[in-house]
Amino acid sequence: MAVSSKIPLSPSGLRNPNSTSKQANQKSTFLGFPLIQDLSLTNSSTKHRRVQFLSPRNESRDKKEGEGKQAVSMSLEDVNPVGLGRKSRQIFDEVWQKFSGLGQLSRTRTDDELATVLVRGPMCEFTIPGAQDTMVLVVGATSRIGRILVRKLMLRGYKVKALVRKADEDVINMLPRPVEIVVGDVGEPSTLKGAVEGCNKIIFCATARSSITGDLNRVDYQGVYNISKAFQDYNNRLAQLRAGKSSKSKLLIAKFKNAESLEGWEVRQGTYFQDVMASKYDAGMDAKFEYTEAGDAVFSGYVFTRGGYVELSKKLSLPLGFTLDRYDGLVFSVGGNGRSFAIILEAGPSADTSQSKLYFTRMNTKIGFCRVRVPFSAFRSAKPDDPPLDPFLVHTLTIRFEPRRQRTVEGMTGTNQDPRSFNLILEYIKALPSGQETDFILVSCTGYGIEPNRREQVLKAKKAGEDSLRRSGLGYTIIRPGPLKEEPGGQRALIFDQGNRISQGISCADVADICVKALHDSTARNKSFDVCYEYFAEPGKELYELVAHLPDKSNNYLTPALSVLEKNT
């Protein structure tokens, strides 16, 4: 039964038995506004309560013109603490924008859309300059790390895309509303083209949901390869749109446009070993490098000799003032019959080649034309004791073909080609300019915390994914956290190390914070590292000194932690 609103109410909402008719005719006030209309309280089945308020400036006029005029109708739901807080924040943001033009992103819900109010300045200590112009694609946004990571990115002002396999209600409710949800599968390259559109950086924290080898390879290996290649192709399309601007950013090492451009390139033959058995299988080898009537520079031949190889080599002649240490790697525009080649860089004093050292990596091509990026981080020294490659000292480039490690490639007619013959069309060789920041952050693992019976197969897939990212030519950061813990972040000091020596766990929130900080940290580019909570080695087993870093939002702990670690590991 409804209760008459003409009887004054006590603060608890009950009728005041001591009230008089005089008191009943007096106006009550609420939050400083006179209450002039009936307040109807219904039984428990009533869903809405209506309250009408009058502005104080209209009070005298309403006494003359009667009740009800100039009244504003609103529900009690509009004056609950959450609603009042939201409305007051919106008003405050608008006023603050007019007065200061200082800095954070505040989003306020309207009827069916989010109204974005830009307020600049120190209102939010977490906001990162330029973050609102950076789109970050989070792969694995619903994972243990991904859910925290998405919120940290948005808190700091980034625009965020979330790649999910299906956008059902549970997934949508798991992510903040302003996040742009993209449906795709890292195992299906065709679904990733739209996901990388408009993105500046990628954070990959997805992981296979089972220990089945097929699932591990599809997500942890092939997934990393597919998403990095899609991102690389998108960047290449942007470079083509920028045309001359992007072409000038690369250093042209060789362009094979006529017969004269082949001068200086030398074709050589050799064998890895000499023995009696090798002579029995010496069926011959040959190679040539020529400019054809079709206008192609073709390096072709065959190797039937056991342990034999043929190669194309040239001493580099760079423009004055240019050195390769200002670049990240090489890009080859080639065509042919899909063979694999060894790329060899000779580095050392150019005046004394006897002091030079050799560095190897492999370049896989496909049938037809393709562009292959070969980062300097992929090169390994021929001798274990040699130092890492220093691009500044590189003076000779060699492309070598050898029959071993060749995969079977089906020809145009459907028959398998002889893996001992090759045909390589060279269009150009360029050096890729070096960047300052990382483009792709991969969250891998150390292996601790995984059941021993499936640890080996998990690590195998993880390492294959890491290697594919290193060879992609993108600026990368690979984070290998210890066993993940569902704990608040920033509570314990962290250890950053290389060499699979850590064994402790780490909070998911701390890993997410490291990912965010690595986005714009130049010391994180092209580095792989392990991270866990601070711990103390057992007595007598102290192999090295551990330096702990306390994660604190008020300082940058990542730069000093990573500055002492090696690149390209």
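Being a predicted model, the structure only gives us computed values, none of them experimental.
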Open item on the list: Would you call the rings of Phe422 and Phe341 parallel, tilted or perpendicular, taking 30° and 60° as the class edges?
Closed with: perpendicular
Open item on the list: Angle between ring planes, His549 versus Phe496, binned at 30° and 60°: parallel, tilted or perpendicular?
Closed with: perpendicular
Open item on the list: In the structure I gave you, are the side-chain heavy atoms of Phe231 and Leu474 within less than 4.5 Å of one another anywhere?
Closed with: yes
Would the distance check show the side chain of [X] and the main-chain N or O of [Y] forming a donor-acceptor pair, the cut-off being under 3.5 Å?
| X | Y | answer |
| --- | --- | --- |
| Arg525 | Gln436 | no |
| Lys201 | Met135 | no |
| Thr477 | Ala524 | yes |
| Asn364 | Ser340 | no |
| Lys152 | Cys515 | no |
| Arg455 | Gly447 | yes |

Open item on the list: For Tyr476 and Phe440, I'd like to know if the aromatic rings sit close, meaning centre-to-centre distance below 6.0 Å.
Closed with: no
Task: Tyr327 ring center near Phe376 ring center (under 6.0 Å) - done: no
- [ ] Quickly, which of Leu137, Leu519, Val150 forms a side-chain contact (heavy atoms from CB on, under 4.5 Å) with Ile203? Name it, please.
- [x] Leu519
Task: Carboxylate-amine/guanidinium contact Glu402 Arg362, below 4.0 Å - done: yes
Open item on the list: Exactly one of Arg268, Glu346, Glu266 should register a side chain to side chain donor-acceptor pair (under 3.5 Å) with Ser313. Which one does?
Closed with: Arg268
Task: For Leu262 against Phe289, the heavy-atom pair lying closest together - done: CG-CE2, 3.5 Å
